[in-house]
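Shown next, in C-alpha cells, is the structure this report addresses.
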Protein chains: 2
Amino acid sequence: MVGVKVDGRLERGEQTRRQILRRAAEIASVEGLEGLSIGRLATELEVSKSGVFAHFGSKEELQLATVRAAAKIFVDEVVTPALDVPPGRARLELLLEGWLSYSERRTFPGGCFFYAVQAEFDARHGRVRDAVAEYGRGWNTLVRETIEGVPDLAVDADQLAFELIAFLEMANAQSVLHDDPTAYTRARTAVRSTLDRAVQA
Amino acid sequence: MVGVKVDGRLERGEQTRRQILRRAAEIASVEGLEGLSIGRLATELEVSKSGVFAHFGSKEELQLATVRAAAKIFVDEVVTPALDVPPGRARLELLLEGWLSYSERRTFPGGCFFYAVQAEFDARHGRVRDAVAEYGRGWNTLVRETIEGVPDLAVDADQLAFELIAFLEMANAQSVLHDDPTAYTRARTAVRSTLDRAVQA
DNA sequence: AATTTGTACGAACGATCGTACAGTTAGTTT
DNA sequence: AAACTAACTGTACGATCGTTCGTACAAATT
C-alpha cells in the first residue's frame, strides 16, 4: 500500500515548509540565522511574508526548524554513509572524509552550516544556542565513539576526536574565508598522519 | 616637553571614539559585527545615536574601525609579547600559549574576536570581509614565520601552522559553546605533542 | 450540498534599523 | 571679545524588522 490516503492540503503545506527550510538553511550558512529574515525569505521564494511566518509562529521557531532541517541534511550526507560500514578504521575514515567532502562540495553555499551557526550563537543564550550546542555535542560523541570502535588504537579518544574535528573545521574555515581549496588537502594530510601516529602507539 | 599643546576637543573626541570601539568590539565578539547596532551602542554608552554615528559616517566604517581596534588589542596581547623573545621554539610556544591565554581569559567576552567575525563574514563580500580575511592571512603568516624561525624543525611550516592554529580555534570554539575550560587543556596537549613530533623529525 | 479545516494572502501595527541635518555647547584662534 | 571649529545632541526620514488579524480559497468531512 504505497498510496496511503493523504490530505492534499497538509501535503502542500509540508512541501512549502520544506522549500522554506531548504532556502533558510542556505541563507543561514552564509549570513547566519540572525541574518535570516522572514521578509527576505518570502521575497526570494515568491510567497507572502505572512505565509512564511504562519508556518513557524515566531522567528525563533523558524531558526530552530532551520537547524533541525540542516541537521537532517548533515546526517544524510555525512553520518548515514559512515554507519553503513562496520565499526573500525574504515568507518572512521569514511566519516572524516565524508565531512570534508560535505564541506568541500558546498552542500551549503557558505560551507558547513554548523560551523557558521556555532560561531554565531556560541556566546549567546536561548533555545537556538542550546539546540546548536546539543548537535555539536552529538557530533563530538559520534566521532569519539567511532574512534573507540577502532581496534589497536590505544589513545585518549576524546583527545583524538578534539584534534581530528579541529582539522575539519579549520579546513572549512580557511577554504571559505580565503577561497583556498588547498585547506582540504592540508586537513587530509593532518588527519592521516594523526591517525597513523595513533595506531602505532 | 611632555605636555605638547593639544586641542582639548580633539582629545575628548578620541577618547569617546576609543570607548565606542572598545564596547563595539566586546559586543561584536558575542553578537557579531552585524549584531552591532548604532542605536544600541549609543544607549549602552549613554551618548546620542547621532554622536556615535558622526564618528564613523556609516555602519560599514564603524565595523571596519571595530576590526582595526580589535586587531590592535590582539597584537598587544598576543603578538608583541612573543616578539619580545628571540626567534626559536621559545618564541613559538609563547605565541601559541599567548593566544590560548588571550582566548581563555576572555579578553573579549565572546572569546576570540576574530574567530567570531571570521565565521560571520567568511562567505560574504565587501570591505569588512576583505579586512577580516587580511588579518587572518597576517596571523597565518606570523605563525608560519615563527615556525620557520625554529631550528631542527624540518617540516612543512604551512602544514604545521595549519594544524596548530586548528587546535587554538577549536579550543576557543568548544570552550565558548560548551562552557568547557578543558578544551584548552586538550589544545595544549595537542600543541605539545605535535611540536614534539615535529622536532624529532 | 453544507460545513469544517488548513494554507496562503494582504494590510497594518509598533519598534528599530541606518542615515540626514540643523542646532547647541565648549574649546581654539584671531 | 568675536569668529571659528569640532564634538555632540535632537528630531525626523524611509526602510525593514517580527508580529497580528481578517479574509479568500481549496480540500476534506459531513
Side-chain angles (χ1 to χ4, degrees), chain A residues 3-24 27-28 30-67 120-121 124-129, chain B residues 3-24 27-28 30-67 69 120-121 124-128:
Chain A
V4 191
K5 192 77 141 313
V6 89
D7 191 326
R9 299 169 299 182
L10 295 175
E11 169 90 357
R12 185 167 65 110
E14 277 229 2
Q15 193 175 333
T16 307
R17 188 187 161 95
R18 272 195 298 271
Q19 287 176 353
I20 294 172
L21 289 176
R22 176 151 46 92
R23 197 90 185 84
I27 294 177
V30 175
E31 321 238 13
L33 281 167
E34 291 292 345
L36 247 191
S37 94
I38 295 171
R40 174 181 171 188
L41 212 43
T43 304
E44 294 195 13
L45 293 170
E46 291 179 317
V47 295
S48 73
K49 203 171 127 181
S50 39
V52 174
F53 181 85
H55 273 277
F56 307 99
S58 74
K59 173 152 189 195
E60 190 181 41
E61 284 298 335
L62 167 64
Q63 291 174 327
L64 289 167
T66 303
V67 172
E120 184 182 8
F121 281 86
R124 303 193 188 196
H125 299 287
R127 298 204 294 152
V128 178
R129 176 221 145 106
Chain B
V4 191
K5 194 65 140 322
V6 91
D7 191 326
R9 297 170 299 182
L10 296 175
E11 170 89 359
R12 185 166 67 110
E14 277 229 2
Q15 194 175 332
T16 305
R17 188 187 161 95
R18 271 195 297 272
Q19 286 176 353
I20 294 172
L21 289 176
R22 176 152 46 90
R23 197 90 184 85
I27 294 176
V30 175
E31 321 238 12
L33 281 167
E34 292 292 347
L36 247 190
S37 93
I38 295 171
R40 175 182 170 186
L41 212 41
T43 304
E44 292 196 13
L45 293 170
E46 290 178 319
V47 295
S48 71
K49 199 171 132 183
S50 33
V52 174
F53 180 83
H55 273 279
F56 307 99
S58 74
K59 173 152 189 194
E60 190 180 43
E61 284 298 334
L62 167 65
Q63 291 174 325
L64 288 167
T66 302
V67 173
E120 184 182 7
F121 280 87
R124 302 192 190 199
H125 299 286
R127 297 203 296 151
V128 178

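Per chain, numbering begins at 1; letters A, B, ... match sequence-line order. Keep in mind that what you see is a predicted model, and the values were worked out from it rather than measured.
For Glu34(A), the side-chain contact (heavy atoms from CB on, under 4.5 Å) partners at least two apart in sequence or on another chain are Lys59(A), Gln63(A), Glu120(A), Phe121(A), Arg124(A). For Arg22(A), the salt bridge (Lys or Arg N to Asp or Glu O under 4.0 Å) criterion is met by no residue, not counting sequence neighbours. Shown here are the side-chain contact (heavy atoms from CB on, under 4.5 Å) partners of Ser58(A), two or more places apart in sequence or in another chain: Glu60(A), Glu61(A). Shown here are the side-chain contact (heavy atoms from CB on, under 4.5 Å) partners of Arg17(B), two or more places apart in sequence or in another chain: Leu21(B), His55(B), Phe56(B), Ala65(B). Residues passing the side-chain hydrogen bond (donor to acceptor under 3.5 Å, both in side chains) test with Arg129(A), sequence neighbours excluded: none. By the side-chain hydrogen bond (donor to acceptor under 3.5 Å, both in side chains) test, Gln19(B) is found to be paired with no residue, residues two or more places apart in sequence or in another chain being considered. The side-chain hydrogen bond (donor to acceptor under 3.5 Å, both in side chains) test applied to Arg12(A) returns no partner, not counting sequence neighbours.
For the helix from dA1(C)-dT30(D) to dT30(C)-dA1(D), the axis fitted to the five pairs at one end and the axis fitted to the five pairs at the other end meet at an angle of 0° (nearest 10 degrees).
What separates CD of Glu11(A) from C1' of dA26(D) is a distance of 15 Å, to the nearest Å. Distance Gln19(B) CD to dA7(D) C1': 13 Å, rounded to the nearest Å. What separates CZ of Phe56(B) from C1' of dA7(D) is a distance of 13 Å, to the nearest Å. In this structure, the CZ atom of Arg9(A) is 5 Å from the C1' atom of dG6(C), given to the nearest Å. For the pair Leu10(B) CG and dT5(D) C1', the interatomic distance rounds to 9 Å; values are reported in whole Å.
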At under 4.0 Å between heavy atoms, which parts of nucleotides 8-19 of chain C does protein reach? Answer with one letter per nucleotide, 5' to 3': B base, S sugar-phosphate only, - none. SBB------BBB
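Of the inter-residue distances, the one linking Ser37(B) atom OG with Lys49(B) atom NZ reads 8.0 Å to the nearest 0.5 angstrom.
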